[in-house]
> 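Can you keep this structure in mind? I'll have questions shortly.
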Amino acid sequence: GASDGRLGVAVIDLNNASTTARKAWFLFEDEMVALGAGITSAHANPVRTALNQCLLKGPVTADGATLARGRRTLPAAHWVHHDGVGYVLPAKGPVSLENNARTGSWQRVHQSVSPTPLSRDIFTLWLEHGTRPNDESYSYIVVPKASASEVASYAASSPIRVLVNTEALQGVRHDPMRA
């Protein structure tokens, strides 16, 4: 990664358990752009990219509609908003979302903690790449500290342009904001 203290970039060349990907994060003053390319896996397990998983706090809105609790795939979402954070999908693609109660034990993560199950309302947003993906890619933008209406406006005229998103090269451009 590299930063000048105001703007930054981080990259990873993922190669883990027969799954490979090139991922990059570009950090600007008001948003973060995430790119993934060359996503390939020999595993029969589904491959997913998590945009966020956190405690559910308030309503979840997608493309202007407040969503009821549940689990769903939004086939052509442009943006999602939860708890003051917007997630913009420049290519208006499918995204999976769950805003529901989940039950589990921390012991799944570490054997030394209690096996007692806990239940909490959770927000999860992710991209599905399927089983055995071959050269899949994605792009999304995270817009923090924004209302749902601000995210809708941002998505309609985003200053971000994905210039290239391949296994060999990833790059974005931040145009000046339009008035």
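Here, residue 1 is the first one in the sequence, and each next residue gets the next number. Nothing here was measured: the structure is a model prediction, and the numbers come from that model.
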> Could you check whether any side-chain N or O of T73 sits under 3.5 Å from a backbone N or O of P75, counting only pairs where one atom can act as donor and the other as acceptor?
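Checking the backbone N and O of P75 against the side chain of T73, no donor-acceptor pair under 3.5 Å is found.
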
> Linking I/L/V/M/F/W/Y whenever their side-chain heavy atoms sit closer than 4.5 Å, directly or via other members, would V172 and L27 fall into one cluster?
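No, because V172 and L27 fall into different hydrophobic clusters, even though each may have its own neighbours under 4.5 Å.
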
> Starting at OG of S139, measure out to CD of Q170 and round the result to the nearest 0.5 Å.
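If I round to the nearest 0.5 Å, the distance is 10.5 Å.
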
> Shortest non-hydrogen contact from A62 to L74?
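Looking at all heavy atoms of both residues, the shortest contact is CB-CD1, 3.6 Å.
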
> Between E31 and I141, is there a donor-acceptor pair closer than 3.5 Å when you use the side chain of the first and the backbone of the second?
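Such a contact is absent between E31 side chain and I141 backbone.
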
> With rounding to the nearest 0.5 angstrom, report the CG to CG distance, L169 to L163.
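Taking CG in L169 and CG in L163, the distance rounds to 9.0 Å.
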
> Could you check K145 against D30 for salt bridge (Lys or Arg N to Asp or Glu O under 4.0 Å), going step by step and ending with a plain yes or no?
CA-CA 9 Å; K145 298 187 222 172; D30 297 318; over 6 Å; no

> Shared ILVMFWY cluster between V80 and V33, side chains joined below 4.5 angstrom?
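Different hydrophobic clusters.
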
> Between T20 and N16, is there a donor-acceptor pair closer than 3.5 Å when you use the side chain of the first and the backbone of the second?
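Absent.
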
> From C54 SG over to R120 CZ, what is the distance, rounded to the nearest 0.5 angstrom?
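Output value for this atom pair is 14.0 Å.
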
> If you measure from CG on L125 to NE2 on H82, what distance do you get to the nearest 0.5 Å?
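L125 CG to H82 NE2: 10.5 Å, rounded to 0.5 Å.
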
> Is it true that T49 and H129 share a donor-acceptor pair across their side chains at a distance under 3.5 Å?
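Yes.
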
> Looking only at atom types and distance, does a side-chain atom of T40 sit under 3.5 Å from a main-chain N or O of D135, one as donor and one as acceptor?
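Yes.
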
> May I ask you to test the Y138-K23 pair for a side-chain heavy-atom distance under 4.5 Å?
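Sidechains of K23 and Y138: in contact.
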
> Does one hydrophobic cluster hold both L35 and Y154, with members joined at side-chain heavy-atom distances below 4.5 Å?
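Yes.
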
> Any chance the side chains of E150 and H81 put a donor and an acceptor closer than 3.5 Å?
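Checked: E150/H81 side chains show no N/O donor-acceptor pair below 3.5 Å.
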
> Between S41 and H43, do the side chains contain a donor N or O and an acceptor N or O under 3.5 Å apart?
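Note: H43 and S41 side chains miss the donor-acceptor criterion.
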
> How close do T66 and P59 get, heavy atom to heavy atom, and via which atoms?
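For T66 versus P59, the nearest heavy atoms are CG2-CB, 4.0 Å.
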
> So do I122 and Q53 actually touch side chain to side chain, heavy atoms under 4.5 Å?
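Yes, at least one pair of side-chain atoms sits under 4.5 Å.
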
> Answer yes when K57 and D121 have at least one side-chain N-carboxylate O distance shorter than 4.0 Å, and no when they do not.
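Between D121 and K57 there is no salt bridge, as every charged N stays at least 4.0 Å from the carboxylate O atoms.
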
> Of all heavy-atom pairs between L127 and L89, which one has the smallest distance, and what is that distance?
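Nearest pair, atom of L127 first, then L89: CD2-CD2, 4.2 Å.
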
> Could you pull out the closest heavy-atom pair between A101 and R69, with the gap in Å?
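Result for this residue pair: N-NH1, 4.4 Å.
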
> Would you indicate whether the side-chain heavy atoms of P159 and F28 approach each other to under 4.5 Å?
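Not in contact.
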
> Counting only N and O atoms by type, is there a donor-acceptor contact under 3.5 Å from the side chain of R22 to the main-chain atoms of E167?
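Flag set: sc R22 to bb E167 pair under 3.5 Å.
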
> Are any non-hydrogen side-chain atoms of F123 and L97 less than 4.5 angstrom apart?
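Yes, their side chains come closer than 4.5 Å.
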
> Does any part of the side chain of N52, heavy atoms only, come nearer than 4.5 Å to the side chain of Y87, both counted from C-beta?
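The answer is yes; the side chains approach within 4.5 Å.
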
> Side chain to side chain contact (heavy atoms under 4.5 Å, CB included) between T61 and W79: does it pass, once the steps are laid out?
CA-CA 8 Å; T61 307; W79 61 270; 3.7 Å; yes

> Minimum heavy-atom separation for A24 to V11, with atom names?
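Between these two residues, the closest heavy atoms are CB-CG1, 3.9 Å.
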
> Please check this pair: side chain of R161 against backbone of S158, looking for a donor-acceptor N/O pair closer than 3.5 Å.
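Yes.
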
> Are any non-hydrogen side-chain atoms of V143 and V85 less than 4.5 angstrom apart?
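A side-chain contact is absent here, since even the closest heavy-atom pair is not under 4.5 Å.
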
> Which heavy atom of N165 sits nearest to which heavy atom of S137, and what is that distance?
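Answer, listing the atom of N165 first, then S137: ND2-CB, 4.0 Å.
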
> Should we say atom CZ of R72 is surrounded by more than 12 heavy atoms from elsewhere, each under 6.0 Å from it?
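Yes, the 6.0 Å shell around CZ holds more than 12 heavy atoms from other groups.
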
> Using the rule that Ile, Leu, Val, Met, Phe, Trp and Tyr join whenever any side-chain heavy atoms are under 4.5 Å apart, tell me whether V109 and L118 fall into a single cluster.
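Same cluster: V109 reaches L118 through Ile, Leu, Val, Met, Phe, Trp or Tyr contacts under 4.5 Å.
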
> Tell me whether I12 shares a hydrophobic cluster with V47, the cluster being built from Ile, Leu, Val, Met, Phe, Trp, Tyr side chains joined at under 4.5 Å.
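As far as the 4.5 Å side-chain criterion goes, V47 and I12 are connected within one cluster.
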
> Taking atom CH2 of W25 and atom OH of Y140, what is their separation to the nearest 0.5 Å?
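Reported to 0.5 Å precision, the distance equals 7.5 Å.
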
> What is the distance from atom CD of E98 to atom CG of N100, rounded to the nearest 0.5 Å?
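So the CD of E98 and the CG of N100 are separated by 5.0 Å.
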
> Give the intermediate values and the outcome of side chain to side chain contact (heavy atoms under 4.5 Å, CB included) for residues V164 and V162.
CA-CA 6 Å; V164 62; V162 176; over 6 Å; no

> Is there a side-chain contact between E128 and P94 (heavy atoms, below 4.5 Å)?
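Counting from C-beta outward, E128 and P94 never come under 4.5 Å.
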
